[in-house]
There are 2 protein chains.
Amino acid sequence: MLFRRFASTSRVLPPTIRQLLSPSQVSSKDALVEVNGWVKSVRRQKNVVFAVVSDGTCASGMQAVLKTDLAPKSLTNGASVRLCGRLVESRGRGQARELQVEEVNVTGDSDPDAYPIQKQSLSTEYLRDHVHLRSRTDTNAAMLRVRNSLLHSIHNFFEGEDFCYVHTPILTSSDCEGAGETFRVQPTASIPANGPDIFAPVSNITTPAPSSSTENPENKEFFGKPTYLTVSSQLYLEAIASSLSRVYTLSPAFRAERSQTSRHLAEFWMLEAEWAFIHSVDDLCSLVENSVKATLRSFLEQEDDISALWGNNDAAEKDRRLSVLRQARDASSWPRMTYTKAIEILQKQHEASPFEFEPIWGNGLQSEHEQWLAASLGGPVFVTDYPKAIKPFYMRLNSDKIPVGEEGHSRETVACFDLLIPEVGELVGGSVREERLDFLLEALCAHGLASRGPNGIDVKDEYKWYVDLRRYGSAPHGGFGLGFERLVSWVTGIENVRECIAMPRWAGRMVV
Amino acid sequence: MLFRRFASTSRVLPPTIRQLLSPSQVSSKDALVEVNGWVKSVRRQKNVVFAVVSDGTCASGMQAVLKTDLAPKSLTNGASVRLCGRLVESRGRGQARELQVEEVNVTGDSDPDAYPIQKQSLSTEYLRDHVHLRSRTDTNAAMLRVRNSLLHSIHNFFEGEDFCYVHTPILTSSDCEGAGETFRVQPTASIPANGPDIFAPVSNITTPAPSSSTENPENKEFFGKPTYLTVSSQLYLEAIASSLSRVYTLSPAFRAERSQTSRHLAEFWMLEAEWAFIHSVDDLCSLVENSVKATLRSFLEQEDDISALWGNNDAAEKDRRLSVLRQARDASSWPRMTYTKAIEILQKQHEASPFEFEPIWGNGLQSEHEQWLAASLGGPVFVTDYPKAIKPFYMRLNSDKIPVGEEGHSRETVACFDLLIPEVGELVGGSVREERLDFLLEALCAHGLASRGPNGIDVKDEYKWYVDLRRYGSAPHGGFGLGFERLVSWVTGIENVRECIAMPRWAGRMVV
């Protein structure tokens, strides 16, 4: 059978079900269209068969109506089909259009008894074991579409602010943040002879690999030094922000954490941005707030996916969560408080109803403290200016104003913030970076990354390049990192980040 | 001094130099503006000082004009500055506007003698050694902006075709393509005691890690099985395309290649797309061609960056290269030929003027063959339907039409293509995937990934999930991978991919 494809746009591929069902899709009436997808449900009546077919481009499938003699036995759940027919206004409820099918082609059948993705609800653990088929469930598919639209809104936001999207390295020689929690990288033991690449044009062959790295390939480092998987792109972004001013990346990051929580993965994606010529932590918070609001706006427009995510689950809980998101989206500005203020409030609360851990100035905020702060304010809250002693070396010292605490010690803080979210906890962390050479050298010494020698301060090799950035045209700058799966978890209401990424990896678990 | 920021848009940050110089920027006349950036050049005259300041957001800097007494000594190349002044029409050549400076603040000075990025031309090798400062050169900064705009055009193209952007895993258990050329991943030896994450809320702690992976952490696999860095996301994308129909990713990929060529990196970025319900290799080629054309359109609009990339280099060569790109962009369709036809043409050429390697049906195309084919056609060319024997297991067998060659053997081919580009060689490779279960099992056996046992074919554990995709609703589908640095190399004319990424990694080399 011949059929016409829509020729209305410059698109290369035939329209998807999302496009065919879109109110803005202009279709010539009675034109034959091709619909491809997978059968989600089949209802056989005496003279007519109703099938819902999904191609995963939107939450709702296409309702297809077939005369019974057109519907083969193999038209079962999970089968892939190519349907040809006419799009007409639907007389049924729930969809505006339906497909009156004139030709059916089952391109791949699916034994309805053996198919692992049955209609009834499947446990989270079962789906983790079938992670390669998991995107066939409505919820997981909706999550993947939400990820996609969050990514687009992030790219659009940063493009609008004139940021440059940069790919920073995954392989790194510095193990700065998570001593012991990094992954080491080495070539597989069975290294082939170091022959030239026969596919390389002779003229392209440049210098041979230094002999030190090839003489004993199994004993030596591939890159000439120990190599790790990155835990953060920040230091690299700082280097590039020192010339392009505004940069960001969306990059995988890795932590060899063995703890098993709903908020940690061994492999996760991070949005990290870094920009020059800021004035304060407030500047940072404003941009973070605006970028997260942009993702909220985008998410809250995806009504069909929101419905798919919640399915038949607790409607009251859904409304409550959506209302928190809407409030956050519409708030003129999210509350900000210093760490010192937060400790005060927490101490007051602790007197009324004790936490497990007493809030004490100088200690990190416990998760219970973070949760309570965000919950008590009913939405996102920025906590700023943490004690210097519990933060990394690169955060800018608040040197102008060092108050003395009740305990009589000076309370040194750094110009940083955490963005806390109800139920999720820390979604974003960031800081103004220490751009003053002398302060940075002090901090490196304090963290054991430099030492005082007879000829001044001796910086460890891995950080020499970083210090260079402060020697030549150092500029005030700062940045942040946002755990992308935590953002997905927050907006979708999916509790565990393992369900917020297509194929999660965590300690002891890598199914495919 | 007080100054007003532009309040004309919803932007959070103050305008960049690109925005200030943009013809579309509406600026109230005589408004005070703040300009931040790094000094690119200073020319001191008796009463007036001219400085060019760049913030890296565009190729051209802002021409700043200062009265001599306003210009401190520290206003030198490389210094970071915050200037406040009025934007006026420029009387000089080369720019429409200039900044009449009223206040200067050198935020970070730069010793002009010690600054590693001097004005005179620096060698490629020198800049590789100073990779953390390299983006301060005009060429490298332009390359990074080009990468950024190519990325945006890729995302826009695939969004327009209703593809879903998916993050596929970097850590993988399959070592399918490059036996021996993969990197192994293990946690660093010094693993901390397996205590609970004190920052995790108690209610979030789920199942403990299986004891098998914690008892002897240093001897066991972190994920319970050997773990590698991905060489391709394809198999994972196929799984998700089996429910979302159209998916793509832009992901780092890794090869532990020790060969040193201008086209290979140990860590590189790949665009990979996979979509269902295609009909043929021609369908694949059309989408590839359109996506690459979209990036060419975007690149060719960036005239300032093109000028910066070429600087004072050979103008004739620049024109020649740009004309090749324009022709490729405007061509109604790029030539396509089968591998068999290509061998015929190459054999004819070989008789006239011998290649180093004789072109023989059944052998891979040598780089010299690829180069010659693309050069003789003056632009991109698709070569399709390679011999089955030299291609991976997942490519679809052209089973309908198996011609017999002159040598008397049947010439089995697979439905695949390579896109060859002058000077670059292979830019894209892709194929229709074998969606037929029985053919796939045969291919797995032939590649040693499955074996015939007493109870039928026994597939290796790592590929069982992949075979599942063919058991349940298998659909005709295909996809491709594009080496992103090679695309950057092609459009920019930068010969070596090491200069096409911010911080390259190759055997023996990881500077920062």
Selection from Pro476(B), Ser242(B), Pro252(B) maximising heavy-atom pairs under 4.5 Å formed with chain A: Ser242(B)
Rounded distance [0.5 Å steps], CG in Asn140(A) versus CG in Leu244(B): 8.5 Å
Ser149(B) portion near chain A, given a 4.5 angstrom heavy-atom threshold: neither
Residue part contacting chain A, namely of Val247(B), when any heavy atom lies under 4.5 Å: neither
Nearest-0.5 Å distance that lies between atom NE2 in His132(B) and atom CG in Leu469(A): 6.0 Å
Per-residue contact mode, Leu133(B) against chain A (heavy atom under 4.5 angstrom): side chain
Which atom of Val512(B) lies closest to which atom of Ser173(A), heavy atoms considered: C-OG, 4.1 Å
Side-chain heavy-atom pair Glu257(B), Phe222(A) within 4.5 angstrom cut-off: no
Interatomic spacing from CG in Leu229(B) to CD1 in Ile170(A) - rounded to 0.5 Å: 9.5 Å
Between Glu159(B), Glu435(B), Glu289(B), the one whose heavy-atom pairs under 4.5 Å with chain A are most numerous: Glu159(B)
Proximal component of Phe163(A), with respect to chain B [non-hydrogen, under 4.5 Å]: both
Residue selection (most heavy-atom pairs with chain A, distance under 4.5 Å) from Ala266(B), Pro226(B), Ser135(B), Ser286(B): Ser135(B)
Toward chain A, the part of Val131(B) with a non-hydrogen atom under 4.5 Å: neither
Between CG on residue Asn148(A) and OH on residue Tyr165(B), distance to nearest 0.5 Å: 9.5 Å
Shortest non-hydrogen contact between Arg82(A) and Ile278(B), atoms and distance: NH2-O, 3.9 Å
Any donor-acceptor N/O pair, Gln186(B) side chain to Phe183(A) backbone, under 3.5 Å: no
Distance (rounded to the nearest 0.5 Å) between Ser251(A) OG and Trp269(B) CH2: 5.0 Å
Contact origin within Ala475(B) toward chain A - heavy atom pairs under 4.5 Å: both
Point-to-point distance, once rounded to the nearest 0.5 Å, from OG1 of Thr172(B) to CE of Met503(A): 10.0 Å
Sub-4.5 Å side-chain heavy-atom contact between Val12(B) and Glu161(A): yes
Residue part contacting chain B, namely of Arg505(A), when any heavy atom lies under 4.5 Å: both
Chain A interface, residue from Ile501(B), Leu171(B), Val185(B) that has the most non-hydrogen pairs under 4.5 Å: Leu171(B)
Heavy-atom contact with chain A under 4.5 Å, split by part of Arg246(B): side chain
Ring pair (Phe, Tyr, Trp, His ring centres under 6.0 Å) against Tyr472(A), all qualifying residues, sequence neighbours excluded: Tyr115(B)
Atom group of Leu144(B) that falls short of 4.5 Å from chain A, counting heavy atoms: both
Side-chain touch Thr107(B)/Phe277(A), heavy atoms, less than 4.5 angstrom: yes
Which portion of Ala114(B) sits near chain A, non-hydrogen atoms under 4.5 angstrom: both
Exam field: side chain Thr188(B) to backbone Thr182(A), donor-acceptor pair closer than 3.5 Å: yes
Chain A contact via His152(B) - which portion, at a heavy-atom distance below 4.5 Å: side chain
